[in-house]
Protein chains: 2
Amino acid sequence: MTTARERARVELTAAIKEQARKQLVAEGAHQLSLRAVARDLGMASSAVYRYFPSRDELLTALIIDAYDSLGAALEAVERRAGVVEWWCDTWAAARAWALDNRREYELIFGSPVQGYRAPQDTVAPASRVPLALLRIAEAGDPPDGEVSDELREQVLRVTELVGTSLAPGAAARVMVAWAQLFGLLSFELFGQFVGSADPAGPLFEHAARAAAAHVGLTG
Amino acid sequence: MTTARERARVELTAAIKEQARKQLVAEGAHQLSLRAVARDLGMASSAVYRYFPSRDELLTALIIDAYDSLGAALEAVERRAGVVEWWCDTWAAARAWALDNRREYELIFGSPVQGYRAPQDTVAPASRVPLALLRIAEAGDPPDGEVSDELREQVLRVTELVGTSLAPGAAARVMVAWAQLFGLLSFELFGQFVGSADPAGPLFEHAARAAAAHVGLTG
DNA sequence: GTACACCGAGAGCAGTGCTCTCGAATCCGA
DNA sequence: TCGGATTCGAGAGCACTGCTCTCGGTGTAC
């Protein structure tokens with residue numbers, strides 16, 4: 001049975017997070033101020049601490065939501081034709097999400113401000129993204145490939161953990177492609193491409209197809 | 001002729017930047033405080049503003065130095081054997097620099113905190129890195145390749161600007177590899193690989209060779 | 001219905017970036 | 001060499017931050 005106090009608590013927690021997200025979008029993570037959030041909500045700043053023990057915890061909550069939002073966006077991409085198209089559509093969806101949610105993107109793929117990122121809480125939602133890529137790759141039936149013993153061991157631990165049928169060589173290539181995808185997006189959003197490949201759409205599409213080929217997707 | 005005042009000015013400017021760098025390394029860009037720098041230098045905080053008009057300008061100075069340091073580290077890699085080895089050595093040098101200078105790496109490849117990054121000042125030193133990769137690629141004599149018209153146009157503007165003999169298709173692949181390199185490094189340093197490819201050494205070496213092959217380096 | 005846990009508000013602390021003013025040091029031209 | 005102009009350092013001050021503590025009121029559970 002949920003008491004009135006409990007209901008009020010979850011509601012206020014959500015309201016604080018929502019107001020914080022608005023500030024994040026408007027001004028960026030750096031400018032996000034707990035006191036300003038409290039002000040906009042008409043409450044004392046000290047009251048916010050009843051719900052989030054610190055500013056970093058509030059940011060962590062936003063990080064988790066951002067990962068979930070991105071993960072959901074990628075998982076929502078349906079296979080229409082071949083696996084390569086599916087793969088490229090998913091890359092495009094990632095880019096679209098990043099461009100539509102710059103501040104959230106910066107939050108999760110920018111420098112980790114809060115010492116070391118809160119581990120277990122964010123790892124699970126964060127893993128949805130690479131998992132989405134892995135699932136697509138599975139459908140493309142990529143071949144194995146040469147990998148060093150060290151890498152094979154690392155990758156095998158991952159493939160076992162997530163329960164994929166992918167061979168170690170293929171899984172390693174997917175991980176590289178995963179980093180490739182967000183390397184491109186970070187470069188575009190963080191201004192490294194200014195003066196060269198900006199906007200990065202054409203280069204991005206090129207890279208998506210190349211990555212699909214490199215992973216070894218067929219069909 | 002340099003007056004005593006001018007000499008004092010360049011010395012103090014350097015001293016402030018050096019002290020700021022120490023704080024950056026010790027605590028990260030987020031914790032870098034102008035007042036603390038002034039305190040450690042035994043001067044009033046207001047005096048620092050005679051040398052750097054704002055905290056962001058100080059950070060920008062550190063960013064420029066970091067780009068130059070990274071660029072120099074990559075340019076210092078000598079070709080010992082084949083071009084592929086040269087390429088991989090350069091990738092390894094980039095990773096070594098990143099691991100040895102985490103805070104500087106975060107500063108330049110993390111989320112741009114200062115609104116929009118100061119443009120012209122940082123662009124020149126920042127371009128040393130991709131240029132180093134381009135120079136190596138030139139020695140590997142990569143073939144051209146299919147690129148969309150849009151991409152070809154963008155890439156041609158860049159190749160003309162930097163004066164390279166690389167065909168558009170090859171130059172485009174180098175740019176993708178450039179983003180790939182720092183995508184991997186950012187993932188490793190920013191904790192995305194925690195629980196999977198951590199440490200990322202083996203995956204990194206794998207990716208370096210794959211990138212060399214994808215660019216089409218021979219010899 | 002009473003004890004207890006919870007919660008909001010306010011004051012307060014230590015710190016921040018940045019501005020302004022004022023007196024002193026320095027430079028440069030006459 | 002001297003005097004006006006420029007530059008500089010120090011200190012006070014403003015508005016803001018994250019966070020803590022205390023205190024009085026409120027909902028909950030026994």
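Per chain, numbering begins at 1; letters A, B, ... match sequence-line order.
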Report the distance from atom [atom1] of [X] to atom [atom2] of [N], rounded to the nearest whole Å.
X	N	atom1	atom2	result
B/Arg35	D/dG13	CZ	C1'	10 Å
A/Glu57	D/dG18	CD	P	15 Å
A/Leu41	C/dA9	CG	C1'	15 Å
B/Leu32	C/dG15	CG	C1'	14 Å
B/Arg7	D/dC8	CZ	C1'	16 Å
A/Arg55	D/dC19	CZ	C1'	13 Å
A/Gln31	C/dT16	CD	P	17 Å

### Message
From the set D/dA10, C/dC18, C/dT16, return the single nucleotide nearest to any side-chain atom of B/Ser54.
### Response
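The nucleotide sitting nearest to the side chain is C/dC18.
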
**Asked** So, are B/Lys22 and B/Asp40 salt-bridged, with charged N and O less than 4.0 Å apart?
**Response**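 Salt bridge flag = no for B/Asp40 with B/Lys22.
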
Are the charged groups of A/Glu6 and A/Arg9 less than 4.0 angstrom apart, N to O?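 Result for this pair is no, no salt bridge flagged.
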
#### Entry: Test item: A/Glu188 side-chain N/O and A/Ala197 main-chain N/O as donor-acceptor pair under 3.5 Å
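Pair absent, no side-chain N/O of A/Glu188 close to backbone of A/Ala197.
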
query = Is there a donor-acceptor contact under 3.5 Å from the side chain of A/Arg95 to the main chain of A/Glu205?
reply =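 It does not hold such a pair.
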
Derivation and outcome, side chain to side chain contact (heavy atoms under 4.5 Å, CB included), residues A/Leu151 and A/Gln154 = CA-CA 5 Å; A/Leu151 181 54; A/Gln154 278 187 339; 4.1 Å; yes

Using a cut-off of strictly less than 4.0 Å, decide whether [X] has a side-chain nitrogen or oxygen near OP1 or OP2 of [N].
X	N	result
B/Arg5	D/dA5	no
A/Thr3	D/dG27	no
B/Arg39	D/dA10	no

_Go through it in stages, so that I can follow the logic: the residues are B/Ser33 and B/Gln23, the test is side chain to side chain donor-acceptor pair (under 3.5 Å), and I'd like the CA-CA distance, side-chain angles, deciding distance and then a yes or no._
CA-CA 8 Å; B/Ser33 150; B/Gln23 279 212 14; 5.3 Å; no

Practice task
Apply side chain to side chain contact (heavy atoms under 4.5 Å, CB included) to the pair B/Arg103 and B/Arg21, showing each step before the final yes or no.
Solution key: CA-CA 9 Å; B/Arg103 289 319 197 345; B/Arg21 192 192 330 278; over 6 Å; no

Quick one, B/Glu104 with B/Val25, criterion side chain to side chain contact (heavy atoms under 4.5 Å, CB included). Give me CA distance, side-chain angles, the key distance, then yes/no. CA-CA 7 Å; B/Glu104 284 90 341; B/Val25 170; 3.7 Å; yes

When the nearest nucleotide of DNA chain C is assigned to B/Leu34 and to B/Ala4 on a heavy-atom basis, which residue is associated with the more 5' position?
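Checking each residue's closest nucleotide, the 5'-ward one belongs to B/Leu34.
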
* Check DNA chain D against residues 9-17 of chain B and give the residues with a non-hydrogen atom under 4.0 Å, in numerical order. =>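 B/Arg9, B/Leu12, in order of number.
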
| Looking at residues 45-53 of chain B, who's got a heavy atom less than 4.0 Å off DNA chain D? |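 Contacts with DNA chain D under 4.0 Å: B/Ser46, B/Ala47, B/Arg50, B/Tyr51.
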
Check the orientation of A/Phe109 and A/Tyr67. Use parallel for under 30°, tilted for 30 to 60°, and perpendicular for over 60°.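 A/Phe109 and A/Tyr67: perpendicular rings.
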
